[in-house]
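Right, one structure below, let's go through it.
Scope of the values below: all heavy atoms of this structure, side chains included, with no hydrogens, waters or symmetry mates. Below, chain A is the first sequence line, B the second, and so on; all start at residue 1.
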Amino acid sequence: MLDLKLMQKNPEIVRESLKKRGSKIDVQEFTDLDDTRRKLIAEVEALKAEKNAVGPEIAKRKKAGKDASDLLEKMGEVSQRTKLLDTELSKIEAAQNNWMMTVPNIPHESVPVGASEDDNPVLRYWGEKPELNFAPKEHWEIGTALGGLDFECAAKLTGSRFSVSYGWCARLERALAQLMLDTQTSMHGYTEVVPPFMVNRKSMTGTGQLPKFEEDLFKLDGTDYFLIPTAEVPLTNIYADEVVDEARLPIKFCAHTPCFRSEAGSYGKDTKGLIRQHQFHKVEMVNFAHPDKSYEALENMTAAAEKILQLLNIHYRVIALCTGDMGFGAAKTYDIEVWLPGQDAYREISSCSNCGDFQARRANIKFQPADSKKKQFVHTLNGSGLAVGRCLVAVIENYQQADGSLVIPEALKPYMGGLEKVESE
RNA sequence: GGAGAAGUGGCCGAGUUGGCUGAAGGCGCACGCCUGCUAAGCGUGUAACGGGUGUUAAGCUCGUUCGAGAGUUCGAAUCUCUCCUUCUCCGCCA
């Protein structure tokens with residue numbers, strides 16, 4: 001959520017930022033609602049002030065046994081009028097609040113302006129594409145052939161966009177998650193968390209998934225609980241409605257959780273394999289940072305995510321998302337795209353964002369500065385470190401051999417119980 | 001799932017014949033004073049959000065907030081209803 005004061009005093013800044021994002025939201029709607037709201041407040045509060053002033057007089061007269069019927073009658077009218085205006089006011093406030101909740105964050109000044117993903121600049125490459133002297137296969141071919149992946153069984157158990165993995169593949173996924181958690185906790189100072197995998201509406205609203213993107217979520221029937229689409233939601237909301245001491249910043253959490261996404265509107269996209277599933281595992285990183293240090297923190301977080309691919313020795317590139325491609329709550333986002341030889345393409349494997357105070361304002365997350373009484377909103381950041389399922393894809397496609405076998409990357413061997421290579425039986 | 005109890009300010013805790021209680025008292029914290037000593041004492045202060053005014057300041061002023069929401073009433077922390085959460089006991093279960 002944007003700052004109300006900014007909306008009121010500098011609507012042109014908001015208008016500009018929405019334009020850069022390619023949004024059609026009209027700031028004038030807000031201004032009109034706000035004017036009406038303020039007029040109503042002035043009127044209602046005048047009535048309430050009168051009520052508060054006359055109340056004690058009624059009490060005094062009653063105690064003294066005097067007649068107060070004239071005041072009672074008058075206050076009856078005031079009360080009625082107040083109720084009427086209060087109802088109207090809460091309608092306006094609801095409309096205004098709803099408007100505010102659907103406005104995306106303002107992009108940071110360093111974010112490249114652009115209309116779509118085609119305008120995202122590549123910032124750097126790491127490593128090189130592997131030179132294969134054979135035609136590389138896609139991960140689902142290899143995984144299925146080696147007995148590790150079964151999509152038909154998953155379709156039987158549940159439906160499309162699910163998978164079952166067995167043996168080496170199941171363990172490889174676990175190994176990847178282990179490597180990621182161990183790296184983020186021991187090398188990068190993250191505290192490991194096991195949060196709930198389902199959260200309530202308030203949490204989803206705090207991080208920005210709701211109210212706008214409900215169709216992307218799985219909701220548990222008969223409850224107000226949603227399956228998390230990312231651990232960003234529970235991790236960030238850990239400090240909802242809290243005030244932390246400045247000295248504790250930055251606070252860094254990571255968690256390995258399943259993620260559930262309805263993938264509404266992605267019909268026909270990545271229908272095969274593990275790339276786009278309704279359920280996948282991800283190691284997520286969340287930072288609560290001081291406003292002065294959040295952009296530095298974003299660089300650190302991105303580097304922490306990159307570290308995993310470096311340990312696995314897999315080629316990737318980092319891109320900056322342009323204004324037209326950034327997510328709802330982000331002020332700035334870096335995507336890490338891993339090289340997939342089977343697909344002959346770079347695919348997103350991590351997305352690291354600084355949300356500024358956007359989520360902190362929604363979720364009410366503040367810190368107490370040491371040298372001032374005024375509490376301030378923290379900045380929140382989130383990033384995948386990494387998406388485990390897609391990382392599994394990357395390992396399978398990058399470590400495939402000409403004979404159809406699969407070599408286990410050096411960094412994963414400690415987690416694989418001595419397994420060095422997967423071969424067909 | 002069944003039966004009870006409770007939810008007040010940073011914390012503890014008064015307040016249930018409705019008005020003078022944003023809310024006593026204590027603790028904690030901040031500042032000051034005193035004290036020749038790692039303590040004690042004394043004093044003052046100590047919520048958030050919103051409206052108006054104002055230099056997107058301070059200040060002043062008004063309003064709202066006693067788990068959430070709705071109701072009764074001229075007026076509710078105090079009465080009624082619904083919901084949420086926590087705790088205790090019983091049952092069930094990994």
### Message
I'd like to know if A:Glu16 pairs up with A:Arg21 as an ion pair, taking the criterion as any Lys NZ or Arg NE/NH1/NH2 lying under 4.0 Å from an Asp or Glu carboxylate oxygen.
### Response
no
### Task
Please say whether more than 12 non-hydrogen atoms of neighbouring residues, nucleotides or ligands are located less than 6.0 Å from NZ in A:Lys219.
yes
### Message
Taking the side chain as everything from C-beta on, heavy atoms only, tell me whether A:Leu274 gets closer than 4.5 Å to A:Leu149.
### Response
yes
### Task
Using only heavy-atom distances, determine whether the side chains of A:Glu246 and A:Gln376 contain a donor-acceptor pair under 3.5 Å.
no
### Summary
Here the distance between atom C1' of B:U55 and atom NZ of A:Lys5, to the nearest Å, is 15 Å
### Message
Is A:Ser79 close enough to B:U73 that one of its side-chain N or O atoms is under 4.0 Å from OP1 or OP2 there?
### Response
no
Tabulate atom names and distances for all N/O pairs under 3.5 angstrom spanning the protein and nucleotides 20-22 of chain B.
unit_1	atom_1	unit_2	atom_2	d
B:C20	N4	A:Lys63	NZ	2.6

### Task
Return the value, rounded to whole Å, for the distance between atom CD of A:Glu242 and atom P of B:C11.
10 Å
### Query
Rounding to a whole Å, what distance do you find between A:Ile92:CD1 and B:G50:C1'?
16 Å
### Summary
When A:Lys9 and A:Arg38 are each assigned the nearest nucleotide of RNA chain B, the 5'-most assignment goes to A:Arg38
### Between B:U16 and B:A6 - C1' atom distance, rounded Å
14 Å
### Query
Can you check the A:Lys74 NZ to B:C74 C1' distance for me, whole Å?
12 Å
### Task
Describe the nucleic acid contact of A:Lys60 in one word from base, sugar-phosphate, nothing, applying a heavy-atom distance below 4.0 Å.
nothing
### Query
Looking at B:G51, B:U56, B:G19, which one has an atom nearest to any side-chain atom of A:Arg37?
B:G51
Atom pairs and distances, side-chain donor-acceptor, residues 102-109 of chain A, under 3.5 Å, sequence neighbours left out:
unit_1	atom_1	unit_2	atom_2	d
A:Thr102	OG1	A:Asn98	O	3.3
A:Thr102	OG1	A:Trp99	O	2.9
A:Asn105	ND2	A:Gly329	O	3.0
A:Asn105	ND2	A:Cys355	O	3.0
A:His108	ND1	A:Ser110	N	3.2
A:His108	ND1	A:Ser110	OG	2.7

### Task
Determine the interatomic distance between P on B:C11 and the same-named atom on B:G67; round to the nearest Å.
13 Å
### Task
Round to a whole Å and report the spacing from CG of A:Leu4 to P of B:G50.
8 Å
### Message
Please give the distance between the C1' atoms of B:G4 and B:G9 as a whole number of Å.
### Response
29 Å
### Message
If the threshold is 4.0 Å, N to carboxylate O, is there a salt bridge linking A:Glu284 and A:Lys282?
### Response
yes
#### Entry: A:Leu309 vs A:Val338 side-chain heavy atoms within contact, under 4.5 Å
yes
### Message
Considering every strand and a 4.0 Å limit on heavy-atom distances, what is the contact class for A:Leu71: base, sugar-phosphate, or nothing?
### Response
nothing
### Query
Do the ring centers of A:Phe162 and A:Phe151 come within less than 6.0 Å of each other?
no
### Ionic contact status for A:Arg276 with A:Glu263, cut-off 4.0 Å
yes
### Task
Could you work out the separation of B:G19 and B:G10 based on their P atoms and round it to a whole Å?
25 Å
#### Entry: Cationic N near anionic O, under 4.0 Å, A:Arg201 to A:Glu214
yes
### Task
Measure the distance from CG on A:Leu72 to P on B:C74 and round it to the nearest whole Å.
7 Å
### Task
May I ask you to check whether A:His256 and A:His281 place their ring centres under 6.0 Å from each other?
yes
### Task
Could you state the atom-to-atom distance from CD of A:Glu73 to P of B:G75 in whole Å?
14 Å
### Query
Does the ring center of A:Tyr190 lie less than 6.0 Å from the ring center of A:Phe253?
no
### Between B:C66 and B:A24 - P atom distance, rounded Å
15 Å
### Message
Centroid separation under 6.0 Å, is that true for the rings of A:Phe288 and A:His379?
### Response
no
Name the pairs: protein N/O against N/O of nucleotides 80-86 of chain B, kept only if under 3.5 Å.
none

### Message
Give me the distance, rounded to whole Å, that separates B:U78 from B:U72 when you measure between the P atoms they each carry.
### Response
15 Å
### Query
What interatomic distance, in whole Å, is found between P of B:A77 and the corresponding atom of B:A23?
13 Å
Could you run down the sub-3.5 Å N/O contacts of the protein with nucleotides 47-49 of chain B?
unit_1	atom_1	unit_2	atom_2	d
B:C49	OP1	A:Lys366	NZ	3.2

### Message
Check this for me: does any side-chain nitrogen of one of A:Asp270 and A:Arg347 sit under 4.0 Å from a carboxylate oxygen of the other?
### Response
yes
### Euclidean distance, atom NZ of residue A:Lys62 to atom C1' of B:G75 [Å, nearest integer]
9 Å
### Under 4.0 Å protein heavy-atom contact, by nucleotide of nucleotides 59-72 of chain B - B base, S sugar-phosphate only
---BSS-------S
### Message
When the C1' atoms of B:G22 and B:G15 are compared, how many Å lie between them, rounded to an integer?
### Response
13 Å
### Message
Between A:Lys413 and A:Glu410, does any NZ, NE, NH1 or NH2 come within less than 4.0 Å of an OD or OE carboxylate oxygen?
### Response
yes
### Message
Heavy atoms only, 4.0 Å cut-off, all strands: where does A:Arg61 land among base, sugar-phosphate and nothing?
### Response
nothing
### Query
Would you write out the dot-bracket form of RNA chain B, 5' to 3', with Watson-Crick and G-U pairs under 3.5 Å, [ ] for crossing pairs, | for pairs to other strands and . for unpaired bases?
((((((((.[[[..)...(.....]]]((((((.......))))))(((((((.....))))))).[[[[[..)....]]]]])))))))....
### Query
Side chain of A:Asp150, backbone of A:Val164: donor and acceptor closer than 3.5 Å?
no
### Message
Could you check whether A:Asp70 pairs with A:Arg61 (Lys NZ or Arg NE/NH1/NH2 to Asp/Glu carboxylate O, under 4.0 Å)?
### Response
yes
#### Entry: Pair A:Lys202 + A:Asp241, salt bridge at N-O below 4.0 Å
yes
